[in-house]
Every structure is written in C-alpha cells, then in structure tokens.
Amino acid sequence: KEQSIIDRSPHQVQGFIHDKSGKKPATLLGKWDDSMYFVEDDISMKPKGYDPMSEATLLWKRNKPVKYPTRYNSTSFAITLNEITPGLKEKL
C-alpha cells in the first residue's frame, strides 16, 4: 500500500493466514519496522472495540540500535559474517 501524508500509522501491516479450505485461522499484525504479532482467529470478525493485542503473541521485535553505529548501520551479527576466522583463512 502506498503511504499517504494523512496516514496515521504508515508502517502498520496486517495479514491473514489461510488454511486449505480458505478459512482464516490466524492474523499477523504489527509494524514492519518495529515488531510483528500473531493472533489466533480472524480479527476482522471480532466485535468493534476488540483489542487484538490482548491475545497477541510476539513473533519478532526489532533490536535496539547499537550505541556506536557502524558506517552502514550493520548489526553486530552482520559484521561477524564478514570476519575471516582462522579456519576460513586457511581455505582461502
């Protein structure tokens, strides 16, 4: 979805998991740049005023930014992928 200037929560996402029969047994929701949650059942069928976060299970949460960011804002894990370890150096 394209972001508009009047959109109050531009990073908000919501999707459904469909089973073989086409039913929606679960919902995924959250902010694509912050955290994602899983809720059993189709929340679009819940009554008005229902808070899906009351039953939500956290799937993923963004790590806090590092104190001293790298040049390209790489995570410490990404940086270790580029390290040449002693065992790897022998194979190069």
Side-chain angles (χ1 to χ4, degrees):
K1 165 179 143 179
E2 207 171 299
Q3 181 178 345
S4 84
I5 56 175
I6 58 171
D7 196 357
R8 292 186 181 177
S9 54
H11 301 159
Q12 191 77 31
V13 293
Q14 179 176 319
F16 300 100
I17 296 172
H18 296 264
D19 63 13
K20 289 181 181 181
S21 65
K23 293 181 182 177
K24 299 175 185 175
T27 304
L28 299 173
L29 62 130
K31 291 186 176 182
W32 65 265
D33 64 341
D34 182 54
S35 56
M36 289 298 298
Y37 294 87
F38 167 87
V39 179
E40 264 191 63
D41 213 2
D42 178 359
I43 65 170
S44 65
M45 303 304 284
K46 298 284 185 177
K48 190 171 182 164
Y50 166 75
D51 178 19
M53 297 310 287
S54 64
E55 300 177 15
T57 301
L58 179 67
L59 295 176
W60 169 83
K61 186 160 180 73
R62 176 183 73 172
N63 291 330
K64 292 182 180 181
V66 293
K67 188 173 181 179
Y68 302 105
T70 63
R71 181 175 178 184
Y72 299 106
N73 291 325
S74 298
T75 63
S76 56
F77 173 72
I79 291 170
T80 61
L81 294 175
N82 292 320
E83 272 184 30
I84 298 179
T85 59
L88 181 62
K89 192 172 186 176
E90 295 170 2
K91 295 178 182 178
L92 293 177

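Since this is a predicted model, take the numbers as computed values, not measurements.
Listed here is the closest heavy atom pair of D19 and P25: N-CD, 3.9 Å. The minimum heavy-atom distance between V39 and L29, with the atom names listed, is CG2-CD2, 3.6 Å.
How far CD of E40 is from OG1 of T57: 8.0 Å, rounded to the nearest 0.5 Å. The distance from atom CD1 of I84 to atom NZ of K91, rounded to the nearest 0.5 Å, is 13.5 Å.
No continuous path of ILVMFWY side-chain contacts below 4.5 Å connects M45 to Y50, so the two sit in separate hydrophobic clusters.
Atom NZ of K46 has more than 12 neighbouring heavy atoms from other residues, nucleotides or ligands inside a 6.0 Å radius. In this structure, L81 places its CG atom where more than 12 heavy-atom neighbours from other residues, nucleotides or ligands lie under 6.0 Å away.
Membership of the apolar cluster around V13 extends to I17, L28, W32, M36, F38, L59, W60, as traced through chained side-chain contacts below 4.5 Å between ILVMFWY residues.
Panel note: side chain Q14, backbone G30; no donor-acceptor pair is recorded below 3.5 Å. Between the S35 side chain and the R62 main chain, no donor and acceptor come within less than 3.5 Å of each other.
In this structure, the side chain to side chain contact (heavy atoms under 4.5 Å, CB included) partners of T85, at least two apart in sequence or on a different chain, are L88.
Counting only heavy atoms from C-beta outward, the side chains of S44 and F16 approach each other to under 4.5 Å.
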